[in-house]
Amino acid sequence: MVKIPNITLNDGYKLPALGLGTYQIRGGEGVQQILAAIKDGYRALDTATNYDNEGVVGEAIRKSGLPRSQFIVTSKLPGKYHEYNEATKAIQESIYRLGIDYLDLYLIHWPLPKRNHYVEAFQAMIDAKKRGLIRSVGVSNFEPEHLDRVIKETGVTPAVNQIEIHPYWVQERMLAEDQKRGIVTEAWSPLGRGNGAIQEPLIQKLAKKYHKNAGQIILRWHIQRGIVPIPKSRNLNHQRTNLDVFNFDLTADEIKEINGLNKQDGRIDGQDPNVYEEFD
Ligand SMILES: NC(=O)c1ccc[n+]([C@@H]2O[C@H](COP(=O)([O-])OP(=O)(O)OC[C@H]3O[C@@H](n4cnc5c(N)ncnc54)[C@H](OP(=O)(O)O)[C@@H]3O)[C@@H](O)[C@H]2O)c1
């Protein structure tokens, strides 16, 4: 079993340097897939109310037989619940569905700036943290102006910003913006969700050089940039190899070369946080 190193967040809590994405992992077979990942060593599990699978994540935790304290569970607030009272109830509902007493990390899923309720959503999360329902409060898909508003208006800096990052969308500017504010960046769709990044000749060449697979090269690239990737896999071999990325180093030039794969329109689904309105 691979032991994943921890990083420390700005509120003192720890976060494993790599977690398991769970989008579309659902139902009984989903429980088995998450259990297999737990057996391999995954402890950080990333879910969201919008994935309709908080139940599966909670069930896998219970079935694992491991103490709750070993897991770092992340869930996310849907856009339709950004108003203060709605956010408060949404947090409680997530906890009930997961069947746990507290969330380790809770994120605003998307800022939805046109609706303009994300600051009160963040305040509701801060208040839930004070009541022991959440350990770390964070955000997802936030741009610098959204970060600055929540920090200025609530006095609390998010611990994490989870954003789209993969070799076609490397996000150098946003990574620096998070780092400047002491926020840990998590990468969603870290492998590019089948967008071709894994097949890139540069990635394949590096895989040969390091005797690793292409997924491992991309995950190592994230880790050396100080990013926490949360790859999703239902495949036992992928789950296992995706964890085995803490025993080699890419060179600084190789990291720059991978950054060079960035595309002007590299987002997987064109989801620009300034205008994107999540399904609700
Ligand atoms: N905050 C947000 O707005 C947001 C948005 C999207 C996603 N997320 C989170 O981020 C997680 C990860 O993103 P994602 O699921 O979109 O994409 P991803 O992790 O980049 O890619 C998942 C795909 O890659 C395949 N894969 C995994 N490991 C592989 C490997 N080593 N070699 C080749 N293929 C591999 C998986 O197939 P197999 O199952 O066959 O391995 C799956 O089809 C999600 O599950 C979710 O938790 C958050």
Side-chain angles (χ1 to χ4, degrees), residues 2 16 18-26 29-30 32-34 36-37 40 42 44-54 56-57 60 72-79 105-112 118 138-143 146 158 160-171 174 178 184-200 203-204 206-207 210 212-222 227-245 266-280:
V2 175
L18 184 147
L20 181 73
T22 69
Y23 180 50
Q24 291 174 332
I25 295 185
R26 297 176 61 230
E29 61 175 38
Q32 295 310 318
Q33 288 156 354
I34 297 174
D40 284 336
Y42 288 88
L45 306 174
D46 182 86
T47 179
T49 297
N50 281 343
Y51 303 166
D52 290 325
N53 73 350
E54 288 166 311
V56 160
V57 171
I72 300 294
V73 182
T74 299
S75 193
K76 314 189 191 82
L77 179 72
L105 176 62
Y106 194 68
L107 312 177
I108 298 178
H109 206 147
W110 288 89
L112 281 70
Y118 62 87
V139 296
S140 180
N141 301 302
F142 269 42
E143 296 282 308
H146 312 137
V160 163
N161 188 14
Q162 183 183 116
I163 58 177
E164 176 175 358
I165 313 179
H166 43 75
Y168 293 159
W169 193 246
V170 307
Q171 295 258 40
M174 203 52 232
D178 283 345
V184 167
T185 304
E186 282 189 333
W188 63 256
S189 296
L191 298 170
R193 200 195 294 161
N195 68 351
I198 281 190
Q199 286 79 32
E200 274 289 331
I203 305 293
Q204 294 290 337
L206 292 172
Y210 288 102
K212 292 282 180 186
N213 66 38
Q216 290 172 311
I217 298 297
I218 295 176
L219 293 169
R220 188 67 208 170
W221 165 75
H222 285 291
I227 296 166
V228 175
I230 48 167
K232 188 276 291 290
S233 179
R234 299 183 175 97
N235 173 301
L236 302 193
N237 186 46
H238 287 163
Q239 285 183 347
R240 193 162 302 142
T241 58
N242 288 350
L243 269 189
D244 185 19
V245 291
R267 287 187 170 110
I268 294 170
D269 278 330
Q271 292 166 302
D272 176 351
N274 286 304
V275 291
Y276 180 68
E277 303 240 336
E278 68 193 284
F279 46 101
D280 60 350

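Order of appearance sets the numbers: ligands from 1, and atoms from 1 within every ligand.
Residues that satisfy the side-chain hydrogen bond (donor to acceptor under 3.5 Å, both in side chains) test with Thr49, not counting sequence neighbours, are Glu54, Ser94, Arg97. Taking Asn161 as the reference, Asp178 meet the side-chain hydrogen bond (donor to acceptor under 3.5 Å, both in side chains) condition, with sequence neighbours excluded. Every side-chain contact (heavy atoms from CB on, under 4.5 Å) that Ala187 has, sequence neighbours left out, goes to Ile165, Pro190, His222, Ile227.
Looking only at atom types and distance, the side chain of Asn141 has a donor-acceptor partner in the side chain of Trp188 under 3.5 Å away. Between the side chains of Glu200 and Tyr168, a donor-acceptor pair is found at a separation under 3.5 Å. Using a 3.5 Å distance cut-off with no hydrogens or angles, the side chains of Thr22 and Asn53 do pair a donor with an acceptor.
A heavy-atom cutoff of 4.0 Å around ligand 1 is satisfied by the protein residues Gly21, Thr22, Tyr23, Asp46, Tyr51, Lys76, His109, Trp110, Ser140, Asn141, Gln162, Trp188, Ser189, Pro190, Leu191, Gly192, Arg193, Ile198, Ile230, Pro231, Lys232, Ser233, Arg234, Asn235, His238, Asn242.
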